[in-house]
Asks: 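First the structure, which I've put down as structure tokens, then a few questions once you've had a look.
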Amino acid sequence: MSEIDRLRDAIVEGDEDQAAIAANAALEAGIDPATLIKEAINEPMDKVGKAFQDGDIFLPELIIIGDAARVASDVIVPHISLEDLDASAGGKVVIGTIQGDMHDIGKNIVSAYLTAVGFKIKDLGTDVSPKEFVRAAIDEKADVVAISTLLSTTQPLFANIVKTLEDAGQRDNFFIVVGGGPVTPEWAADIGADGYGRDAGDAADLTKQLLSAGQKPPFDQPLVVGALKQ
Amino acid sequence: MNKPDILKTLDRSQNGEYCTVKEWDVKRIPRRVSEKLKKYDLIKTSDPENPVNVDGELADRFFKAGYELALELGMLCETTDRIIKVSEEELETAINAAPSELTVGVGEDATVMKARKPSDPYPSKFGASLGITTSEDVWPALTEGIARQQPVDVLEGGSLKSIHGLDVIPSAPSETLVGFEQAKMHVKIREKAGRPGMGGIGQISAVTEYGQFGGYGLPGALNTTDLSLILFPSELKVNYQTLHKVVHTINVGGMIFAGSPAMIGGMPGPPEGAVLSCIACALLQYPILQADVGGGEIYDIRYLSNVNRDGIWALSVTHQALSRNTNLLTHGIANQVSGPGTKELLYETIVGVSTIAASGAAFGTGPRSAGGKLDDYLTPLECRFCAEVSHAASGLPLEKVNDIAKTILPKYETNIKDPNIGQIVHDVYDLETFQPKPEWQKVYDEVKQEAIGLGIPL
């Protein structure tokens, strides 16, 4: 079995310890780190994402596999040369469910997806106040603030995060992306977000696109990936 | 001074076994569910070709497995990372002590919920709508429009986005305010609609406990003949928000209407796992939350809906399991995704609501027009249709409901992921005359005739 296969298997098995060992072994064997990310992490994670959408695997597996992928990418990414580093690779995302909302499943799925495709995640959990979002974004030197909700009454708090960042002179330091059951592209536009993703796969694509866009936030109109049919 | 029964729950939420949310979510729930599915030979028992279960023995096996799961897992208090476990004696005592009949509202306008069995002719009662966000200028007339629908037994109404122009923000004092103001309007609207004694459900505009503090059990607000709505997170988790609402409702002598969805594709895995989690959750609401009416809700995480084949099957087995094996007042939601003005919304209602009613639920609420995603995408007409179907389908044989589901599902199921969101209330409903606009009325008439043709005695 090749080193790449060994790492891929460890990740798909959700084995964090073996993923770290296999990632180090692959690097010591001289395998190009960018190739490792692509073939041992990104490609199998795409398959895992599809298996989740198809109902062949479920959220616990997705989270465990995502954790193993994060461990492996933590080992590998520092070895990637700057010229090989995708503009989005290693970007940091502060994610949470907004204040008053204790639902965490959607946020957990997005977090697992983003982790799996190489983003560093600071998960603030549920019931996160706008102030906590803003403080974490600044403290963590995040690139993206990802806000989730399942409750339609929370829109004012989303707007509050954008306004607080503006008032603090920090708005152009963070892309703000939004998603969740009641969240729509119009909601994103109303609050001045930079992006909307309908599901976890969309959120990963969206985050990559924003960080690769070569443009600083804020965007005039949110980038929309996966809109509702009107 | 007698100690209240809720004290055990509160004590265990502070001093129970320590367990992190992550451990609970990705290890304990999936492992225990998987063990029970194997032990009771329940793996891959769902049948997409027959979305409504007709096998009573299968439902009973699910009940036994769910009962064991409830005892082995308990619920996690995510605020404290403590497990609230109950003994078998406590579970049995709570189930036996829970009401099997409940009057909601007062006098001639009240409705009586009764514990039912599958295909029981006593109607599964219906409350409308769900808390779809509604603008302040629309809410009073829209809620009155719903209250005017005679088949609707209990009034909930949409969630207010703002109160007197002030945004309602979770945990802010605006939640306490909206709790009280909305409850006062609720009471007045029922009078205006000519149904002053109609039962209500609240509090729905505030997500935290402040809404309950402001609007339930105070003079002029929702009172103890109304239901206090207490939702909590999946899977099998409560938190201090939940427990504050429970304690407040008990303090004022109210009725607890609890609920939390199990997620197909989430922590319990496949539809069979979600059924087990849902049964365990429904049972645990009685000893842990002192519920009077308890939820048996299931959604499919891929669609945030349950009107697909997996969701319908899971709803049918869950409600059959609970109703065949207990005398609890169980509640279900058909989670539509299509919007007002569309045939699909009514088709989804036929399949979802008839499944819940015929499977033995005592109570249903809905609709979730347009998946509850869009402000003011809700009309009284689909609320009426939901209640009509709930009542009319209650006594149907499960085989008949399965046949109906198999006929109707192909008319909408390919669009569940990408539904037709329909039209905003003003485009399809006149809130001054309380009449649907002709196009929406025509759609309703056509689908209703179709349902009658399929054997639903509407």
Side-chain angles (χ1 to χ4, degrees), chain A residues 14 51-67 97-109 111-112 123 125-130 149-160 180-187 190 198-201 226-230, chain B residues 21-22 25-27 29-31 78-79 131-133 158-162 166-172 174-175 178 204-208 210 231-235 237-239 241-242 263-271 273 300-302 304 310 370-375 415 418-421:
Chain A
F52 177 72
Q53 280 299 323
D54 292 345
D56 296 328
I57 67 162
F58 306 108
L59 188 52
E61 292 100 308
L62 185 69
I63 291 173
I64 291 166
I65 292 169
D67 285 347
T97 305
I98 196 72
Q99 182 178 320
D101 188 350
M102 306 302 289
H103 297 92
D104 61 359
I105 291 179
K107 183 263 301 171
N108 288 345
I109 299 172
S111 185
D123 189 338
T126 58
D127 193 20
V128 182
S129 70
T149 190
L150 199 61
L151 301 174
S152 48
T153 50
T154 56
Q155 191 183 37
L157 289 173
F158 280 58
N160 192 309
V183 181
T184 60
E186 291 74 26
W187 167 308
D190 285 349
R198 183 168 169 185
D199 60 27
L228 271 177
K229 186 165 71 180
Q230 294 278 0
Chain B
V21 171
K22 185 146 188 181
D25 278 348
V26 302
K27 290 186 180 163
I29 296 271
R31 280 181 191 164
E78 61 183 0
T79 312
I132 294 164
T133 40
S159 298
L160 277 166
K161 286 189 75 172
S162 60
L166 178 70
D167 285 340
V168 177
I169 290 177
S171 300
S174 54
E175 283 205 317
V178 78
I204 39 124
S205 292
V207 297
T208 75
Y210 294 112
L231 304 177
F232 53 99
S234 58
E235 298 287 332
K237 286 186 282 198
V238 294
N239 51 47
Q241 271 183 18
T242 316
M263 292 286 188
I264 297 170
M267 304 310 172
D300 188 320
I301 204 168
R302 293 168 294 178
L304 277 181
D310 284 346
K373 279 176 170 287
L374 302 165
D375 299 349
N415 296 326
D418 205 10
N420 183 348
I421 58 170

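These numbers come from the heavy atoms of this one structure, side chains and all, not from hydrogens, waters or symmetry mates. Below, chain A is the first sequence line, B the second, and so on; all start at residue 1.
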Asks: Please classify the contact between B:K27 and chain A as side chain, backbone, both or neither, with a heavy-atom cut-off of under 4.5 Å.
Replies: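 Contact with chain A: none, neither part.
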Asks: Please classify the contact between A:Q155 and chain B as side chain, backbone, both or neither, with a heavy-atom cut-off of under 4.5 Å.
Replies: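 Contact with chain B is through the side chain of A:Q155 alone.
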Asks: Is it the side chain or the backbone of A:L150 that comes within 4.5 Å of chain B heavy atoms, both, or neither?
Replies: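 Side chain only.
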Asks: Taking side chain as C-beta onward, heavy atoms only, is B:T133 less than 4.5 Å from A:P182?
Replies: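 Of all side-chain heavy-atom pairs linking A:P182 with B:T133, none is under 4.5 Å.
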Asks: Nearest 0.5 Å, please: how far is CG in A:L151 from CD in A:Q99?
Replies: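 Spacing of CD (A:Q99) from CG (A:L151) equals 12.0 Å.
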Asks: Does the side chain of B:I264 reach to within under 4.5 Å of the side chain of A:F58, using non-hydrogen atoms?
Replies: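 They are not in contact (no side-chain heavy atoms under 4.5 Å apart), so the answer is no.
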Asks: Which answer fits B:E175, side chain, backbone, both or neither, if we ask what part of it has an atom under 4.5 Å from a heavy atom of chain A?
Replies: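 For B:E175, no heavy atom lies under 4.5 Å from chain A.
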Asks: Is any side-chain heavy atom of A:N108 closer than 4.5 Å to a side-chain heavy atom of A:D123?
Replies: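 With C-beta onward as the side chain, the pair touches.
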Asks: Could you tell me if B:T79 and B:N239 have a donor-acceptor pair between their side chains, going purely by distance under 3.5 Å?
Replies: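 Side-chain D/A pair, B:N239 to B:T79: absent.
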Asks: Using modelled atom types and a 3.5 Å cut-off, is there a donor and acceptor pairing between side-chain atoms of A:D101 and backbone atoms of A:D127?
Replies: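 No, A:D101 side chain to A:D127 backbone: no donor-acceptor pair under 3.5 Å.
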Asks: I need the residue from B:P233, B:G269, B:G273 with the largest number of non-hydrogen atom pairs under 4.5 Å to chain A.
Replies: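 Maximum pair count with chain A is reached by B:G269.
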Asks: Tell me whether B:S174 contacts the main-chain N or O of B:I169 through its side chain, where contact means a donor paired with an acceptor under 3.5 Å.
Replies: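 Between the backbone of B:I169 and the side chain of B:S174 there is a qualifying donor-acceptor contact (under 3.5 Å).
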Asks: Does any heavy atom of chain B fall under 4.5 Å from the side chain of A:I109, the backbone, both, or neither of them?
Replies: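 Contact with chain B: side chain only.
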Asks: Check this for me: B:F232, atom CZ, are more than 12 non-hydrogen atoms of other residues, nucleotides or ligands nearer than 6.0 Å?
Replies: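 Counting other residues, nucleotides and ligands, CZ of B:F232 exceeds 12 neighbours.
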Asks: Looking at A:G55, A:P156, A:P60, which has the largest count of heavy-atom pairs under 4.5 Å with chain B?
Replies: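 Option with the top pair count is A:P60.
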Asks: Can you tell me which portion of A:N160 sits under 4.5 Å from chain B's heavy atoms? Options are side chain, backbone, both or neither.
Replies: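 Neither; nothing under 4.5 Å.
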Asks: Determine the option with the most heavy-atom pairs under 4.5 angstrom with chain B, choosing from A:S129, A:G125, A:G181, A:G180.
Replies: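 Highest number of heavy-atom pairs under 4.5 Å: A:G181.
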Asks: Can you tell which of B:D375, B:D167, B:I29, B:T242 has the highest number of heavy-atom pairs within less than 4.5 Å of chain A?
Replies: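 Top option by heavy-atom pairs under 4.5 Å: B:D167.
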Asks: So A:E61 and A:D56, do their side chains get closer than 4.5 Å, heavy atoms only?
Replies: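 SC-SC contact between A:D56 and A:E61 ruled out.
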Asks: If I measure from the heavy atoms of chain A, does B:S205 come under 4.5 Å with its side chain, its backbone, both, or neither?
Replies: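 It is the backbone, since no side chain atom gets that close.
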Asks: Side chain, backbone, both or neither: which part of B:P270 has an atom under 4.5 Å from a heavy atom of chain A?
Replies: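 Both backbone and side chain of B:P270 come within 4.5 Å of chain A.
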Asks: What part of A:D54 is in contact with chain B, defined as an atom under 4.5 angstrom from a non-hydrogen atom: side chain, backbone, both or neither?
Replies: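 Interface part for A:D54: backbone (N, CA, C, O).
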